[in-house]
Every structure is written in structure tokens, then in C-alpha cells.
There are 2 protein chains.
Amino acid sequence: MLSQKQKELIEKIGIYFEEGMQPAAARILALLIVADQVSFSFDEIREILKLSKSATSNGINFLLNLKKIEYHTKPGDRKRYFTWSPDNIINHFREGIDKILALSILFDASLQLKRDKNTHSAKKIAEISDLMNFLHLEMPGVIEKWERKRASKP
Amino acid sequence: MLSQKQKELIEKIGIYFEEGMQPAAARILALLIVADQVSFSFDEIREILKLSKSATSNGINFLLNLKKIEYHTKPGDRKRYFTWSPDNIINHFREGIDKILALSILFDASLQLKRDKNTHSAKKIAEISDLMNFLHLEMPGVIEKWERKRASKP
DNA sequence: TTTTAAGTTCTATATTTGAAGAACCAAAAG
DNA sequence: CTTTTGGTTCTTCAAATATAGAACTTAAAA
């Protein structure tokens with residue numbers, strides 16, 4: 001079903017995803033990305049990843065909530081079959097960029113509280129905040145550029 | 001020494017920094033960024049943040065290791081005085097981008113293992129990997145653009 | 001209407017993480 | 001030398017997180 005290499009990749013990708021979700025959820029997501037099989041039932045996920053029912057249930061619902069995965073059903077079959085939903089992945093990057101913007105706002109606030117706005121440190125805060133803002137502004141253009149490139153040579 | 005607002009900012013910025021370091025280290029870094037005072041001794045940090053010696057020591061060394069902070073000494077004074085080192089902050093963004101690249105490599109590896117590279121999922125993996133790569137390639141240009149803008153109107 | 005299947009939720013642990021405080025150490029001061 | 005200072009390291013301890021497994025729920029099937 002899963003080759004050794006695929007299992008290893010699930011672990012490696014899982015570790016990346018652990019930044020932001022519990023290990024079990026991270027492995028579930030990685031499984032759905034890496035596997036050849038297009039969809040997995042609750043129990044298949046459970047068995048393959050050797051998780052308890054609760055860890056499986058919680059992980060799946062966490063991922064459904066974030067819309068990282070979705071499920072479909074089959075007529076005359078009560079099970080749900082889960083698949084990765086890759087389509088809103090660009091959103092993921094947007095969220096990352098928004099987070100940078102939020103931090104830049106805190107840096108600005110810190111600058112406003114500085115007695116002396118001309119120290120090296122204060123100027124650096126302003127600079128970093130400006131950079132974060134700039135990145136936030138530039139990002140849509142970069143993604144657009146990528147989309148154009150991609151549309152031209154598919 | 002620190003206003004209420006500054007203390008609140010240290011907490012808020014600290015929470016951002018917790019992604020990637022332990023809370024105590026995050027607060028130390030936030031303190032060195034937010035405060036007007038340019039440098040702090042070990043015991044000042046300890047007292048202001050109400051940390052134990054071990055938490056202070058570990059946090060400081062963690063931050064020194066990552067070169068997020070540095071210290072200087074004064075003649076006839078054994079203490080070290082710690083300051084934020086903002087200068088390689090652009091590096092911080094580069095690291096973030098490098099991390100994205102590392103993930104794209106794992107996605108590529110996953111794609112290589114796919115039996116059928118023409119499924120929706122496989123094509124999406126390719127697409128995401130390509131986007132991550134593109135971001136990695138574009139970033140230096142974006143930062144350069146920012147530097148030019150900044151040089152022109154300082 | 002009883003049983004079964006598919007999952008959820010609850011309770012009990014296990015694991016991980018972070019921090020406290022004491023013991024320790026090395027260099028400088030006395 | 002011996003004491004003090006400035007910190008580090010070691011040994012708990014506490015809290016947060018994650019998981020297991022059992023008990024429960026709900027809807028469909030028998």
C-alpha cells in the first residue's frame with residue numbers, strides 16, 4: 001500500500017506540518033498528500049498511522065475545520081472517504097503574509113513608544129516594520145506573476 | 001522603567017516569537033526590542049521578567065546562539081550587557097524562505113513517488129512545489145527592490 | 001425494535017516542555 | 001589563599017499537550 005519511502009516522507013512532511021497542528025493531524029494530512037490512493041476511510045487512516053480512534057477523530061475534524069481536507073461518501077456506504085483539498089493552498093501563503101503584517105503592526109507600536117526614535121535600534125525597528133509592510137504589499141504581485149507564468153506555459 | 005504599554009507589547013510580541021523558541025527566550029528578545037534602555041544585564045533581565053536564573057541563562061544563550069542578541073562588557077565590570085542585534089534581520093526572512101524551499105523539496109520527492117503524475121492531487125503537488133520554488137527565487141529581487149526604494153528616499 | 005456500523009466524546013495516562021531553585025564552577029577581587 | 005560575583009548546570013516539579021481506550025451516540029440496516 002505505502003512504500004517505505006512514502007512512509008518516510010509522511011514523517012518528514014508531517015514534521016513540517018507539526019508547526020501549527022498536533023502530530024497526529026500532521027501525519028494524517030501528510031498521508032493524504034503522499035499516498036497514491038485517492039481517499040481513505042476513518043479506519044484506514046487509523047490503521048495505517050496506528051492511531052487511536054480519538055486521535056484519528058480529533059485529527060480529521062481539526063483538518064476538516066481548517067479545510068485542509070474534505071470528504072465524500074459513496075451510495076450505500078456509511079463511511080466517509082477523506083481526501084486532501086489542495087485547492088486553496090495559495091490562501092495558506094496569504095495567511096503567512098498576513099501574519100507578517102500583524103507583527104509589523106506590533107513593531108510600529110513599539111516604535112511609537114520609544115522616547116528617542118533616532119537610536120540605531122529604533123531606526124531598525126522602523127526599517128523592519130517597513131520591510132514587512134513592503135513584503136505584504138508586494139506579495140500579491142509576486143503571486144500574480146507566478147500565475148501568469150504558469151498560464152503561459154502549462 | 002517600563003511603561004504598562006511596553007509591558008503589554010513585550011507580551012504580544014513575545015507570543016509571536018514563541019513560534020520557534022521557548023516563552024522565556026521570546027520575552028527576553030521582546031524586552032530588548034521594546035525597551036528604551038539600550039542594554040540589560042543578566043540580573044536586570046531576570047528581575048524585569050521575573051524569571052529564574054536557569055530560565056534567564058538558557059534563554060540568553062539560546063538567543064546568543066541564534067545571533068538574535070549580542071553583548072558587550074564594560075571595563076572593570078564583570079557583567080555582560082545584552083542588546084538586541086537587529087542587523088541581520090533580513091536573514092530572518094531568508095531563513096523563512098529557505099524553509100519553504102525545503103518543504104518544496106519534500107513535495108517534489110512525494111511527486112516522484114506517485115504512480116500517476118496526472119491526477120488532480122499530483123498536479124497540485126507539482127503546482128505548490130513550483131509556487132514555493134518561485135517564491136524562493138523571487139524573494140531576493142523583492143528585497144532588492146525594497147532596498148532600492150529605501151536608498152532613494154531615506 | 002434490535003443490532004450494527006461509524007464515529008464522537010470522556011476519562012485516564014503518557015509524554016513533552018518549561019521553569020524553579022539549589023548546587024556547582026571559574027575567574028576576579030580582596 | 002579565600003571570598004565574592006556572575007553565571008551555568010543539574011535535579012526536581014508543574015503544567016500543557018497528545019494519545020489511548022472505553023463508553024457513548026446516532027442513524028441506518030436487519
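We use all heavy atoms of the structure for the numbers below, so side chains are in, but hydrogens, waters and symmetry mates are not. Below, chain A is the first sequence line, B the second, and so on; all start at residue 1.
The existence of a salt bridge linking B/E144 and B/R148 is confirmed by a sub-4.0 Å separation between a basic side-chain nitrogen and an acidic carboxylate oxygen. Under 4.0 Å is where a charged nitrogen must lie from a carboxylate oxygen, and between A/K99 and B/E19 at least one such pair does. Between B/E18 and B/R27, at least one side-chain N (NZ, or NE/NH1/NH2) sits under 4.0 Å from a carboxylate O, which counts as a salt bridge. Salt bridge status for B/K124 with B/E127: present, with a side-chain N to carboxylate O gap under 4.0 Å.
The interatomic distance linking A/E18 (CD) with C/dT17 (P) rounds to 9 Å, in whole Å. A straight line from CD1 of A/I60 to P of C/dT8 spans 7 Å, rounded to a whole angstrom. Protein atom CZ of A/F42 is 6 Å distant from nucleotide atom P of C/dT8, rounded to whole Å. Rounded to whole angstrom, the span from the CG atom of B/D77 across to the P atom of C/dA27 amounts to 18 Å. The interatomic distance linking B/I45 (CD1) with D/dT8 (C1') rounds to 15 Å, in whole Å. In this entry the distance linking CG of A/D43 with P of C/dT8 reads 11 Å, nearest Å. As a whole-Å value, the separation of B/F62 CZ from C/dT17 C1' is 13 Å. C/dA6 atom P lies 17 Å from atom CZ of A/F40, rounded to whole Å.
Residue pairs meeting the side-chain hydrogen bond (donor to acceptor under 3.5 Å, both in side chains) criterion with at least one partner in residues 111-120 of chain B, sequence neighbours excluded, are A/D87-B/H120.
For D/dT8, neither phosphate oxygen OP1 nor OP2 lies less than 4.0 angstrom from any side-chain nitrogen or oxygen of B/R46. Residue A/R80 places at least one side-chain N or O closer than 4.0 Å to OP1 or OP2 of C/dG7.
Of the candidates D/dG6, C/dT8, D/dT8, D/dG6 carries the atom nearest the B/R78 side chain, counting heavy atoms from C-beta on.
Side-chain atoms of A/S57 do not come within 3.5 Å of backbone N or O of A/S54 as any donor-acceptor pair.
Checked against the 6.0 Å centroid threshold, A/Y81 and A/Y71 do not count as a close aromatic pair.
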Each nucleotide in nucleotides 12-23 of chain D should get exactly one letter: B, S or -. Can you fill that in based on protein heavy atoms under 4.0 Å?
------SSBB--
